[in-house]
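Every number for a ligand or one of its atoms is a count from 1 in the order of the listing. Along the sequence shown, residues carry numbers from 1. Every heavy atom of this structure was used, including side-chain atoms; hydrogens, water molecules and symmetry mates were not.
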Amino acid sequence: MQEALALPTFDDVVDAASRIDGVAHRTPVLSSRTFDERIGGSVFFKCENFQRMGAFKFRGAYNAISHFDAQARAGGVITYSSGNHAQAIALSAKLAGIRATIVMPKDAPAAKVEATKGYGGEIVFYDRYTEDRDAIGRRLAQERGMTLIPPYDHPHVMAGQGTVAKELIEEAGPLDVLVVCLGGGGLLSGCALSAAALSPSCEIIGVEPEAGNDGQQSLARGEIVRIDPPRTIADGAATAFLGNYTFPVIQRLVSRIETVSDAQLIETMRFFAQRMKMVVEPTGCLAAAAVMHGIVPARGKRVGVIVSGGNVDLPRYAEFIA
Ligand SMILES: *Cc1c(COP(=O)(O)O)cnc(C)c1O
């Protein structure tokens with residue numbers, strides 16, 4: 001069924017914006033004089049750590065479910081996720097009044113598992129080092145008559161995530177550079193559609209964890225490169241490959257992909273806590289870390305940075321910050 005869908009365009013982002021209007025938060029765009037002085041440019045942080053359920057994923061999940069017809073609604077939604085997409089689907093399903101089943105790795109952060117249960121999602125666990133979540137999701141979807149909404153490789157998910165950059169550019173104005181974290185590429189591809197339409201001369205840069213640079217390798221080789229599941233504190237970007245929908249959009253619109261280390265993520269997390277009074281999860285720090293450490297040069301530029309989420313176990317967070 002997914003194969004029948006076309007690649008999303010900016011029109012789909014505009015459509016998604018109207019579907020999530022009044023349901024998703026229009027998150028704040030913040031700046032920091034300290035950060036700007038340090039890098040010598042003007043940075044606009046789009047703070048999706050303040051989004052409902054704590055990450056941008058609510059946008060794509062809600063948009064996808066809003067397209068369900070009566071039959072799909074009766075069957076319910078199923079997905080697999082290392083966390084935030086699970087919560088996003090569980091909350092969106094609850095708001096839409098339909099059932100949700102979530103296939104989750106056994107080692108998913110406890111806060112994310114609890115939050116998903118709290119939104120009423122049914123959880124099925126798997127081992128992400130030995131089992132294929134996509135296969136499990138597809139099998140259960142068939143057995144249970146549910147519609148599978150994957151975490152990133154789906155046009156409605158991508159279009160929903162694209163509303164992040166749409167709002168950012170509408171509020172901050174045209175940008176010289178847009179920096180977006182990258183897991184499977186739902187957020188980056190969707191935001192690229194918005195930036196290309198609303199700020200055409202803006203350079204679009206993806207950032208992924210050093211331990212899992214499959215996106216960087218994929219752009220270099222011109223095809224989707226698969227890697228072993230990376231071990232990084234950026235659990236939301238620990239994906240092993242880009243999607244069949246996300247990759248072509250990224251290939252067309254994104255100029256390059258950079259990487260940052262876990263140590264750089266921790267330093268950025270501390271900065272957000274101390275200077276901006278924000279709890280940001282490791283994955284949410286990817287784009288800011290690249291700018292803060294000069295991996296993406298920002299001198300004299302207007303830079304959009306997406307802060308993608310704030311869901312982190314507090315005891316772990318305390319260790320990072322200590
Ligand atoms: C899912 C997620 C990402 C990565 O998004 P993709 O669409 O998979 O690239 C980044 N940050 C957070 C907080 C996430 O939950």
Which of the atoms of ligand 1 are close to L182, meaning less than 4.0 Å from one of its heavy atoms?
9 (O)
Do T27 and E48 have side-chain N/O donor and acceptor atoms under 3.5 Å apart?
yes
What part of E281, side chain, backbone, both or neither, has a heavy atom within less than 4.0 angstrom of ligand 1?
side chain
Residue, atom and distance of the protein heavy atom nearest atom 11 (N) of ligand 1 read S308 OG, 2.6 Å
Within the structure, does G185 bring an N/O atom to less than 3.5 angstrom of an N/O atom in ligand 1?
yes
Verify the ring-centre separation between F35 and F45: is it less than 6.0 angstrom?
yes
Pair R275 + E37: basic N to acidic O under 4.0 Å:
no
With a cut-off of 4.0 Å, which atoms of ligand 1 are near a heavy atom of F56?
1 (C), 2 (C), 3 (C), 5 (O), 10 (C), 11 (N), 12 (C), 14 (C)
Which atoms of ligand 1 sit under 4.0 Å from any heavy atom of N84?
13 (C), 14 (C), 15 (O)
Please give the remaining members of the hydrophobic cluster of L95, linking ILVMFWY side chains under 4.5 Å, ordered by chain and number.
I20, V23, M53, F58, Y62, L91, Y119
Sub-4.0 Å atoms of ligand 1 with respect to non-hydrogen atoms of T283:
10 (C), 11 (N), 12 (C)
State whether the number of non-hydrogen atoms from other residues, nucleotides or ligands found under 6.0 Å of R256 atom CZ is greater than 12.
yes
